Every structure is written in structure tokens, then in C-alpha cells.
Amino acid sequence: MAVVSSLYRYPVKGLSALALPQVALAASAPFPFDRVFGLARPGTIFDRTDPQWAKKGLFVMLMLDEALARITTELDVATRRMTVSKDGRHVAHADLDDEAGRAELENLIWTLLPALPAPPTLLASRAGHFMDKPDNVISLINLATVRSLEERWGYPINPLRFRANIYIDGIAPWEEFDWVGSDIAIGGVTFTVDRKNGRCGATNVNPETAVRDLNIPQALRTDFGHKDLGVYLIARNAGSLAAGDAVSPPQSHHTSAENGRSADVMPNSFMCRGCFYIYEETKGAPQHGIPPGTAFTSIAENWRCPDCDTDKAAFRPYTETKPA
Ligand code: FE
């Protein structure tokens, strides 16, 4: 039987996971208190009183700043007090509503990231979040898929690399991809499985050692012709879910015998060298304002990868060779 293995929130973008025994969700809302704080890179412009969602390149984040994984943070979302530990020792206890507390945290992050010209700025979203994607999606990882990759590739893969909200077990590897476009029930909540989750270089960072020791997007791209792992959900009703709750797959769904493999040939495609995102001219990037059918050469030269913010100039033509 499929069940929820664990639930996590990440109160500060790029910082520690906090396990939750249960959570109450609202319809179409994000996972509560997930990425409600972010650390803006020095020099970025935000309205500090009401900062709005922005793409990840404007924040300190694991994809670029793997040293963030060297500290462990615990945030009490009710009191907004954060405890920071490093090498098993408490190094700070800061009140995020207090100017001095925020400055203490910002300076501590700067000591981890000395290449920054100044401390980052801690921002608190008033009503939204600083997740990688602007819409209110909740991320799900199937542990069986992660185990199948460990067996296939021959090395351990800590599932927390994928920084999901909901981890489930008890279904077949890749079965979650067959659910896209359908509804599932978890505990007291029905979710629409909205889309697959294209992974970025944040997954390359080992959450236990803060070392960038794998290349997950590249390994997926090489082996399966895509860089997707896990899916994004949208909550359809208010309700609670808890670790141990049953997961009810869609009543009927199409099945993919391809184990998550994507189409074989993609003409007129261009791949980001930073994160292996592929721009397909036929599909465009409608979520980012580029209509289907837009030639790559017609996209503005200051356009950047929607997944990792790499320059357009760093894309190269991509022709997929069908995996063996
Ligand atoms: Fe990219």
C-alpha cells in the first residue's frame, strides 16, 4: 500500500529541512511556511516591506552556494526564532522579527559564503513564498524511484537532495509520472498532479556533507533523456495529512511503459549547459512568456535559463540519442 513516509518544510530557501508529523493544507495554497524566508544576494533590489516572488538566481541557494548545507537551522514558525548549529554545536539563536537577530543570521551566512561582497539580506514573504516556481505547488518524491536510481547507478542518493514536501513509498518506481494530469488523494486532501519536476544543480549537493558530489540532472539526462524527478501537486481542498497516511493513486490513468523516458527525437532543441534544461522550439516556454513555436534565435539575448538562470549564450544545440 502506498503511504506518506515523511513531510518536510524548508522555512528558509536553501537552508535546512524540518520534518513535520502532520500538516494542514488549504486549497490551492502552498505548503505552509515553506520557503517563506529567502536570503537575497547582495545588490538585488527587493521591497523589503513586502518582497514578491523572484527567480532563484536572486537568492543565496544551494545550486550555487553549497556551503549553506554546512549549517543546520531550526525555525519555530510560531515564534520566528531560529537556532543555527554547525558541526553539532549551537552557533546562533536569532529572533527573525528583530533587526539585530536578522543581522546576526545574515552575517553568519556571509561567513559561510565569503565570496559574496556583502551579507545577504533576509526577506520574509508576507503572503507568498520564495519557492523555485512561482505558482503554489507542493513537491512530491517517490522513494521507490530514488531507490531504483541508487541500484541503477550504484551509489547512495539521499532523498533529501530533492527537498520535497511529501515523500511517499509503496508504489512502483516512476509510477508518479503516470499520475500527471490526474487526481490523487493523500490523507484528507485531494491533489491534482500538475507536472513533473525538472531538477536543477541544487540536487548535486550532498545534504550531509555540503559537498557537490553528484551530477543528478546530467545523470538523468544521459540515462533517461530528461532531468525530471518527482512531481508537483496542487491541493484541491483544505485538509490534513500526516506521516503514515494512505496515498490513493488515480482511479484510472494512462501507463507509461517507458520508465519515465521522454520522446526520442527533439528537433530544434537547445540545452542549458548549467542545468541540462532543454528549450524546445515547438513547445516554447509558455510559463515564462515564450509562446510555442518561438525560434531560439528569436528569444532576446538577455534571456536566461528558466531553471537555473544561466545565460542564453551558454545553451547549445541538443539532439537526443535514444537511450539504449
Ligand atoms: Fe539551466
Side-chain angles (χ1 to χ4, degrees), residues 55-58 61-64 131-135 137 139-142 145-146 148-149 152-153 157 161-162 173-181 193-205 212 214-232 254-324:
K55 57 188 178 180
K56 78 171 107 179
L58 300 187
M61 37 86 178
L62 282 170
M63 192 180 72
L64 295 179
M131 293 187 291
D132 285 356
K133 303 297 180 226
D135 52 343
V137 285
S139 59
L140 177 143
I141 284 285
N142 172 11
T145 305
V146 179
S148 77
L149 293 175
R152 190 177 175 97
W153 295 340
I157 302 170
R161 283 178 187 267
F162 304 105
W174 303 107
E175 186 181 332
E176 68 280 19
F177 281 7
D178 297 333
W179 299 351
V180 171
V193 183
D194 189 65
R195 60 187 188 267
K196 298 173 185 174
N197 185 341
R199 309 311 313 210
C200 74
T203 59
N204 297 340
V205 181
R212 209 187 297 254
L214 297 177
N215 195 333
I216 298 283
Q218 182 182 53
L220 287 169
R221 182 69 78 196
T222 302
D223 208 357
F224 299 100
H226 62 73
K227 59 169 187 146
D228 301 324
L229 191 66
V231 289
Y232 282 124
H254 65 282
T255 52
S256 152
E258 292 263 287
N259 271 1
R261 282 187 178 160
S262 66
D264 23 326
V265 195
M266 288 193 282
N268 302 316
S269 299
F270 296 82
M271 185 165 71
C272 170
R273 290 177 202 267
C275 75
F276 307 94
Y277 167 85
I278 291 178
Y279 176 78
E280 291 176 66
E281 292 183 337
T282 50
K283 292 184 182 170
Q287 280 192 313
H288 307 280
I290 300 180
T294 304
F296 190 69
T297 51
S298 304
I299 301 174
E301 290 309 308
N302 65 356
W303 183 79
R304 302 176 80 87
C305 172
D307 273 8
C308 79
D309 216 39
T310 289
D311 287 346
K312 182 190 175 192
F315 277 65
R316 64 172 171 78
Y318 176 71
T319 312
E320 184 173 9
T321 48
K322 179 103 174 155

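Not measured: the values here are computed from a predicted model.
The salt bridge (charged side-chain N to carboxylate O under 4.0 Å, His left out) with Asp307 is formed by just one residue from the set Lys56, Lys133, Lys55; it is Lys133. Just one of Thr222, Leu214, Ile216 meets the side chain to side chain contact (heavy atoms under 4.5 Å, CB included) condition when paired with Gln218; it is Thr222.
Put simply, the side chain of Pro317 does not reach to within 4.5 Å of the side chain of Ser269, judged on heavy atoms. Within the 4.5 Å cutoff, no side-chain heavy atoms of Val193 are placed close to those of Glu176. Counting heavy atoms from C-beta on, the side chains of Phe270 and Ile278 never come closer than 4.5 Å. The side-chain heavy atoms of Val180 and Asp194, taken from C-beta on, include no pair separated by under 4.5 Å. Leu140 places none of its side-chain heavy atoms less than 4.5 Å from the side chain of Asn197. Residues Lys283 and Pro292 fail the side-chain proximity criterion, which asks for heavy atoms closer than 4.5 Å. At a threshold of 4.5 Å between non-hydrogen side-chain atoms, the residues Glu175 and Thr145 do not count as touching.
Ring centroids of Phe315 and Tyr279 are separated by 6.0 Å or more, keeping the two rings apart.
Judged by distance alone, with hydrogens and angles left aside, the side-chain atoms of Arg212 form a donor-acceptor pair with the main-chain N or O of Met63 at under 3.5 Å. Proximity of a side-chain donor or acceptor of Lys227 to a complementary backbone N or O of Arg199 within less than 3.5 Å is detected. Formation of a donor-acceptor pair under 3.5 Å by the Arg195 side chain with backbone atoms of Tyr232 is not found in this model.
Using a 4.0 Å cut-off between a side-chain N of Lys or Arg and a carboxylate O of Asp or Glu, Asp311 and Arg273 do not qualify as a salt bridge.
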request  = Please lay out, stage by stage, how Ile299 and Ile290 fare under the test side-chain contact (heavy atoms from CB on, under 4.5 Å).
outcome  = CA-CA 8 Å; Ile299 301 174; Ile290 300 180; 4.0 Å; yes
request  = Start with the C-alpha gap between Leu149 and Leu229, add the side-chain angles, then the distance that decides, and say whether side-chain contact (heavy atoms from CB on, under 4.5 Å) holds.
outcome  = CA-CA 10 Å; Leu149 293 175; Leu229 191 66; 3.9 Å; yes
message = Applying side-chain contact (heavy atoms from CB on, under 4.5 Å) to Asn302 and Lys312, what does each step give before you reach the verdict?
response = CA-CA 7 Å; Asn302 65 356; Lys312 182 190 175 192; over 6 Å; no
key: side-chain contact (heavy atoms from CB on, under 4.5 Å) between Arg221 and Met271, intermediate numbers included   = CA-CA 10 Å; Arg221 182 69 78 196; Met271 185 165 71; 3.8 Å; yes
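Note that CG of Leu64 and CG of Asp309 are 8.5 Å apart. Values are rounded to the nearest 0.5 Å. Distance check: Thr203 OG1 to Ile157 CD1 gives 9.5 Å after rounding to the nearest 0.5 Å.
The nearest pair of heavy atoms linking Cys272 to Thr310 is SG-CB, 3.7 Å. Here the closest heavy-atom approach between residue Gly284 and residue Pro286 is recorded as C-CD, 3.6 Å. Across every non-hydrogen atom of Asp228 and Leu220, the tightest pair is O-CD1, 3.9 Å. Pairing each heavy atom of Cys275 with each of Cys305, the nearest pair is SG-SG, 3.7 Å. Between His288 and Pro306, the shortest heavy-atom contact is NE2-CB, 3.3 Å. Contact detail for Pro217 and Gly201: the closest heavy-atom pair is CG-N, 4.1 Å.
For Thr294 and Glu281, the side-chain atoms include no donor-acceptor pair closer than 3.5 Å. Between Asn142 and Trp174, the side chains place no donor N or O within less than 3.5 Å of an acceptor N or O (distance only, hydrogens not considered).
Relative orientation of the Trp303 and Tyr277 rings is tilted, given thresholds of 30° and 60° on the angle between their planes.
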